[in-house]
Protein chains: 2
Amino acid sequence: MQKYLEIIKQCPLFEGIADDHLLTMLGCLGAKTEHFDKKYTIMAEGNPAKYIGIVLTGSAQIIQIDYYGNRSILSGIGPSEMFAEAFACAEIPAIPVTVIANEPCDIMLINCDHILHTCQNNCGFHQQLIFNLMKDLALKTLLFHQKIEITSKRTTRDKLMAYLFFQAKKVGSNRFTIPFDRQELADYLEVDRSGLSAEIGKLRREGVLESHKKQFELL
Amino acid sequence: MQKYLEIIKQCPLFEGIADDHLLTMLGCLGAKTEHFDKKYTIMAEGNPAKYIGIVLTGSAQIIQIDYYGNRSILSGIGPSEMFAEAFACAEIPAIPVTVIANEPCDIMLINCDHILHTCQNNCGFHQQLIFNLMKDLALKTLLFHQKIEITSKRTTRDKLMAYLFFQAKKVGSNRFTIPFDRQELADYLEVDRSGLSAEIGKLRREGVLESHKKQFELL
DNA sequence: CTCCATTTGTTGAAAATTCAACAGAAATTC
DNA sequence: GAATTTCTGTTGAATTTTCAACAAATGGAG
């Protein structure tokens with residue numbers, strides 16, 4: 001646990017928690033870490049929604065798969081970011097998504113009950129954690145709004161351009177690297193992969209953008 | 001304010017607040033109510049994100065309009081429900097959506113600062129409110145997941161059926177009334193209205209459902 | 001009750017997406 | 001370093017959506 005301290009400190013859940021309290025608190029919360037190899041399932045749809053996950057190393061993806069096997073990527077998450085917190089906080093029985101390791105990962109799991117309820121002495125830390133959870137959930141809501149704004153466009157081109165503009169805005173530059181390969185980008189934008197590839201080619205020929213694999217430049 | 005007390009008590013923000021404290025608290029929070037006629041804008045995109053809104057009477061819709069004027073409905077909200085709380089809690093400068101009155105409405109507005117920060121005496125009520133906000137945001141996240149699950153389907157038919165199944169599940173019956181007219185349903189599902197009407201007609205002829213305006217029955 | 005505005009359903013043509021299949025490029029494995 | 005797997009781009013056909021325009025049905029105002 002010690003070796004991940006720098007990552008953990010950056011997790012929005014622990015904002016405002018003094019460094020020297022962090023480890024004790026993690027013990028008190030019953031935090032445990034697990035390792036997952038690439039493509040392994042960290043949480044499966046239908047699993048109990050008890051745990052909040054925090055990515056320590058590597059990266060993961062939140063996905064939904066429907067009856068027909070269509071995969072839809074809800075978001076990608078990297079070190080110090082949280083996942084499944086909404087389901088744990090909502091105290092629903094089972095999670096409606098699947099979380100898979102995008103590369104080898106170390107994941108910290110915290111039983112959300114310990115944050116929300118199990119505090120006999122109503123200590124200030126729990127209040128801080130709850131405040132942090134609220135803040136995090138509010139920010140996650142904004143990401144959902146963004147995704148809906150992108151995927152509500154009717155054409156592959158418009159979805160792609162909306163996504164690329166958000167990425168450019170996020171890093172503050174016209175050159176950036178996206179966290180998805182082609183299939184994953186298609187699953188995030190909710191379009192057909194081959195159609196997406198074709199559209200990228202067309203935009204390149206039109207001089208709208210340059211791209212090489214995951215690297216893009218808006219012109 | 002007094003006359004809306006029953007509605008206000010049902011608002012998830014005030015869960016666990018004793019009745020006899022409610023009015024005082026509302027005063028302390030600087031809550032104010034405003035009336036809006038049908039189709040009027042309650043909050044416009046770009047407005048400061050200071051206020052949490054609570055619907056007292058009537059109903060409203062959260063919408064996004066893109067460059068081309070395409071409207072996308074994010075959700076509909078009715079009495080005792082909150083809106084814009086995510087933007088206020090995230091403490092971003094401006095809201096990214098527009099809220100319009102779907103019918104004549106009375107709306108209560110609360111400056112979120114007063115909930116999150118301005119409490120000198122760290123009273124238990126504020127902690128409760130923050131906990132309630134967290135809970136509400138977690139539940140709202142589930143609604144977003146649901147909307148994405150619906151709109152990620154590739155055909156109008158699949159989107160419509162996914163939506164109707166969720167509605168049926170929600171009320172626990174195969175007969176239900178939806179809160180949208182045809183154009184609004186199309187804007188929620190992010191499809192073309194005429195195509196949606198055609199698809200409903202086809203499903204009816206196939207014996208999959210019965211429908212009369214906003215009333216549906218799955219067969 | 002009548003007129004007017006809104007909502008809904010229908011249609012056909014144009015545009016876009018999806019689907020399946022394949023080939024070359026790139027990356028990984030042994 | 002060779003073989004194998006994965007990823008990416010391309011294509012054409014089939015399906016579906018969008019778009020525009022119109023008529024019927026509905027609802028409200030005066």
Quick one: [X] [atom1] to [N] [atom2], roughly how many Å, whole number?
X: B:Lys159; N: C:dT17; atom1: NZ; atom2: P; value: 12 Å
X: A:Glu190; N: D:dT17; atom1: CD; atom2: P; value: 15 Å
X: B:Asp192; N: C:dG9; atom1: CG; atom2: P; value: 13 Å
X: B:Glu103; N: D:dG27; atom1: CD; atom2: C1'; value: 16 Å
X: A:Lys39; N: D:dT5; atom1: NZ; atom2: P; value: 13 Å
X: A:Leu185; N: D:dT8; atom1: CG; atom2: P; value: 10 Å
X: B:Ile178; N: C:dT7; atom1: CD1; atom2: C1'; value: 13 Å
X: B:Asn102; N: C:dT7; atom1: CG; atom2: P; value: 10 Å

Do the side-chain N or O atoms of B:Arg157 get closer than 4.0 angstrom to the phosphate oxygens (OP1, OP2) of D:dT16? no

Side-chain N,O (A:Arg154) to OP1/OP2 (D:dT18) below 4.0 Å: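 Answer yes for this pair, as a side-chain N or O of A:Arg154 is under 4.0 Å from OP1 or OP2.
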
Set out, line by line, the N/O atom pairs under 3.5 Å between protein and nucleotides 23-25 of chain D.
none

With sequence neighbours excluded, tell me which residues meet ring pair (Phe, Tyr, Trp, His ring centres under 6.0 Å) with B:Tyr163. B:Tyr188

With a sphere of 6.0 Å drawn around CD of A:Glu15, does it hold more than 12 non-hydrogen atoms of other residues, nucleotides or ligands?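 It does not: A:Glu15 CD has 12 such atoms or fewer within range.
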
Determine whether more than 12 heavy atoms belonging to other residues, nucleotides or ligands lie under 6.0 Å from atom CZ of A:Phe166.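 Correct, the count exceeds 12.
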
What residues, two or more places apart in sequence or in another chain, satisfy side-chain hydrogen bond (donor to acceptor under 3.5 Å, both in side chains) together with A:Glu184? A:Gln61

To the nearest 10 degrees, how far apart in direction are the end axes of the helix from C:dC1-D:dG30 to C:dC30-D:dG1, each fit to five base pairs?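 Comparing the first five pairs with the last five, the axes sit 60° apart.
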
Once you apply a heavy-atom cut-off of 4.0 Å, does A:Thr156 come out as touching a base, just sugar-phosphate, or nothing?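 Sugar-phosphate, no base atom in range.
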
Regarding B:Asp181, tell me which of base, sugar-phosphate or nothing describes its non-hydrogen contacts under 4.0 Å with the strands shown.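 B:Asp181: backbone/sugar contact only, no base atoms under 4.0 Å.
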
Has the side chain of A:Thr155 got a donor or acceptor atom that lies under 3.5 Å from a matching backbone atom of A:Asp158?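 Yes; judged by distance alone, with no hydrogens or angles, the pair exists.
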
Please check this pair: side chain of A:Asn102 against backbone of A:Ala60, looking for a donor-acceptor N/O pair closer than 3.5 Å.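 Not confirmed, A:Asn102 side chain does not pair with A:Ala60 backbone.
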
Where is the tightest heavy-atom contact between A:Ile42 and A:Ala101, given as atom of each residue plus distance? CD1-N, 3.9 Å

Residues of residues 196-215 of chain A with any non-hydrogen atom less than 4.0 angstrom from an atom of DNA chain D: list those, numerically ordered, please. A:Ser197, A:Arg204

Could you tell me the separation between the NZ atom of B:Lys147 and the CG atom of B:Leu189, rounded to the nearest 0.5 Å?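 Nearest 0.5 Å value for the NZ-CG distance: 7.5 Å.
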
Measure from the side chain of B:Thr155, starting at C-beta and using heavy atoms only, and say which of D:dG9, C:dT8, D:dT17 lies closest.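 Out of D:dG9, C:dT8, D:dT17, the nucleotide with an atom closest to B:Thr155's side chain is D:dT17.
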
B:Arg193 side chain, from C-beta outward: closest of D:dA21, D:dT18, D:dG9: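 Nearest to the side chain of B:Arg193 among the choices is D:dA21.
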
Acceptor/donor pairs from residues 211-219 of chain A side chains to any protein atom, 3.5 angstrom cut, sequence neighbours excluded:
| from | atom 1 | to | atom 2 | distance (Å) |
| --- | --- | --- | --- | --- |
| A:Ser211 | OG | A:Arg204 | NH2 | 2.8 |
| A:Glu217 | OE1 | A:Arg175 | NH1 | 3.4 |

So B:Lys39 and B:Ile100, do their side chains get closer than 4.5 Å, heavy atoms only? no

Do B:Ile178 and B:Leu185 come within less than 4.5 Å of each other through their side chains, counting heavy atoms only? yes

Using 4.0 Å as the upper bound for N to carboxylate O, is an ion pair formed by B:Lys159 and B:Glu149? no

